[in-house]
> 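The following block contains the structure, expressed as structure tokens.
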2 protein chains.
Amino acid sequence: MEPETKQQILDAAETLFARKGYKATSLRDLTMNAGVNLASVNYHFGSKKRLLEAIFERRLQPLNESRLQKLKEIRKAAGQQGENPAVREILKVFIEPVLRARVSHKGEIFLLNLVGRAFIDLDATVQEILRRFMKPLSDCMIETLSKALPEIPREVILWRLQFVLGALGRTMFVYRNPALGKPKEVPDVDPETLLEYLVSFATKGIEEPGYAKSFKNAPSPGGRKGRRKVK
Amino acid sequence: MEPETKQQILDAAETLFARKGYKATSLRDLTMNAGVNLASVNYHFGSKKRLLEAIFERRLQPLNESRLQKLKEIRKAAGQQGENPAVREILKVFIEPVLRARVSHKGEIFLLNLVGRAFIDLDATVQEILRRFMKPLSDCMIETLSKALPEIPREVILWRLQFVLGALGRTMFVYRNPALGKPKEVPDVDPETLLEYLVSFATKGIEEPGYAKSFKNAPSPGGRKGRRKVK
DNA sequence: GTCTATAGATTGATAGAC
DNA sequence: GTCTATCAATCTATAGAC
């Protein structure tokens, strides 16, 4: 009679999972915060694991479907103009929705903290579920980046995507995360600025031509070129 | 009478902490694998937490001291030549020793998996200890990078260092990690190649001039320049 | 130093009254 | 659907015999 209970559990769960992680959040913590009975989680969701799946279904699934569609639009548009898709646009589609998404029911909690936490969670349950939800988008990212950078070997692209995933995961985890306090290594900026920082960084790194097929086994020409005399 | 026990605990602990994480490794698992008694961890180390500190002291501390010294040498050498230090060299000093370090007592386990795990561990205990061990090196990295890139605002450098930390952490975590199986998103390469991949990527990203002081608020000029006609 | 035994706390899940 | 009470399985840490 109270379908509200289910929502309250979901809301409290994503807040606590974002703040402390999945394993470290007990069902007692969770139900206390939600103002519901301990047994109601198992009644409504079956288990703690299926509660986590429900959260991903509510928050991550629509986000990923939207990103997947935008990726396909980029590829289509580029194909019609006879061009390869632009790396910067691809990365922006992947990164932007995550940095913008907020959990609306409470101003302070960010979906990005939740997903960021999940992304670096060591718990096998979390890894398995997240991997399942990310797989289609992940596959499409690999394919689209390969199209955008035909000179770069697939192996290199795959590793560079891992680097971007790492950078994004850490960003989501440390950005305005109340659990971390205010470490001075992480200055506060608005989301738009942060997005630009990360997209610029990732684009430059991914486009690096040092491992283009024609240059294979020739390490990056960069090296010392960045040096300048001290004034 | 058996100082060997202490070593066996340390060896088994770093193997298991690397494979499953700190929290997920129970003292029962650990002492079973080490072939010692359950109570001996608390006898020799006082607590599970102090065992973790002992591992960092044995593995991470000498690594960081070596990196710190090399960083200072780079700054000194560059200063004598009237130049700024090269970003690529700074990053290489930071990244290389970690990707090369192996735990010698067993061929399959890598120190990098251990530190990589710790780096992305959500457990508050792990975070606190790791932060303490990394602080001096982290501070020196910030200062040296600021010297190398005087046109880039400190805020931007700090975030870019976070991006590099994320990329390195993820690399350490996924590289040849037996617990992950063989996901085809992570192709196997030898350590030297991986080092080149990551250093090139990070150098390009960190050197990106889009947020140099003179360009402030002017987003990266990159954009569509990377596009090419499809043949 | 090593061992057994167990304290003391916390966990996810469930049975059964209402 | 909600609640209380509890089970069964963990865990870290320790007391005390040898």
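Hydrogens, waters and symmetry mates play no part in the numbers below; they use all other heavy atoms, side chains included.
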> Given atom CD1 of B:Ile9 and atom P of C:dT2, what is their separation to the nearest angstrom?
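Atom-to-atom, B:Ile9 to C:dT2, this comes out as 8 Å.
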> Measure from the side-chain heavy atoms of B:Asn42 and tell me the nearest of D:dT2, D:dA13, C:dT11.
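The listed nucleotide nearest to B:Asn42's side chain is D:dA13.
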> With a distance cut-off below 6.0 Å to the six-membered ring centre and an angular limit of 45° from the axis, does A:Arg67 pair with A:Phe94 as a cation-pi contact?
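Output yes; distance and angle both within limits.
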> Could you check how far CG of A:Asp29 sits from P of C:dA13, rounded to whole Å?
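Whole-Å distance recorded here is 15 Å.
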> When you measure from the side chain of A:Ala39, which nucleotide among C:dA13, D:dG1, C:dT14 comes out closest?
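The nucleotide sitting nearest to the side chain is C:dT14.
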> Look at the side chain of A:Arg28 and decide which nucleotide, out of C:dT2, D:dG1, C:dA13, has an atom nearest to it.
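Closest nucleotide to the A:Arg28 side chain: C:dA13.
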> Just call it for A:Ser26: base, sugar-phosphate, or nothing, with non-hydrogen atoms closer than 4.0 Å on any strand.
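Here A:Ser26 touches the backbone only, sparing every base.
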> Does NZ in A:Lys147 sit with more than 12 non-hydrogen atoms of other residues, nucleotides or ligands closer than 6.0 Å?
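Not more than 12 within 6.0 Å, no.
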> When you measure from the side chain of A:Arg88 to the backbone of A:Thr203, do you find a donor-acceptor pair of N or O atoms at a distance under 3.5 Å?
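Checking the backbone N and O of A:Thr203 against the side chain of A:Arg88, no donor-acceptor pair under 3.5 Å is found.
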> Grab the NE2-P distance between A:His44 and D:dG1 for me, whole Å please.
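About 6 Å, once rounded to whole Å.
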> As a test of reading the structure: which of D:dA5, D:dA13, C:dT2 is closest to the side chain of A:Leu38, going by heavy atoms?
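My answer, after comparing the listed nucleotides, is D:dA5.
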> Whole angstrom is fine here: how far is it from NZ in B:Lys6 over to P in C:dT2?
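For the pair B:Lys6 NZ and C:dT2 P, the rounded distance is 11 Å.
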> Taking the side chain as every heavy atom from C-beta outward, state whether B:Ile152 and B:Glu208 have any pair of such atoms under 4.5 Å apart.
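No, their side chains stay 4.5 Å or more apart.
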> Does C:dT2 have its OP1 or OP2 closer than 4.0 Å to a side-chain nitrogen or oxygen of B:Thr5?
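So the side-chain polar atoms of B:Thr5 do come within 4.0 Å of the phosphate oxygens OP1 or OP2 of C:dT2, strictly under.
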> Check every atom of D:dT4, C:dG1, C:dA13 against the side chain of A:Leu27 and return the nucleotide holding the closest atom.
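It is C:dA13.
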> Rounded off to whole Å, could you give me the CG-to-P distance for the A:Asp123 and C:dG12 pair?
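Distance check: A:Asp123 CG to C:dG12 P gives 11 Å.
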> Rounded to whole angstroms, how far apart are OH on A:Tyr22 and C1' on C:dT11?
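It is 12 Å, rounded to the nearest whole Å.
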> When the distance from OH of A:Tyr43 to C1' of C:dA15 is rounded to whole Å, what number comes out?
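The answer, rounded to whole Å, is 15 Å.
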> Measure CZ/A:Arg50 against P/C:dT14 and give the value in whole Å, please.
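Going from A:Arg50 (CZ) to C:dT14 (P), I get 11 Å.
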> Quick one: which of C:dC3, D:dT2, C:dG1 gets closest to the side chain of B:Asn37?
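Of the options given, the side chain of B:Asn37 lies nearest C:dC3.
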> Answer yes or no for A:Lys6 and A:Phe45: cation-pi contact, defined as NZ/CZ to six-membered ring centre under 6.0 Å and angle to ring axis within 45°.
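Yes - A:Lys6 lies over the ring of A:Phe45, closer than 6.0 Å to its centre and within 45° of its axis.
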> Check every strand shown and say whether A:Thr31 touches a base, only sugar-phosphate, or nothing at a heavy-atom separation below 4.0 Å.
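Answer is nothing: A:Thr31 stays at 4.0 Å or more from every strand.
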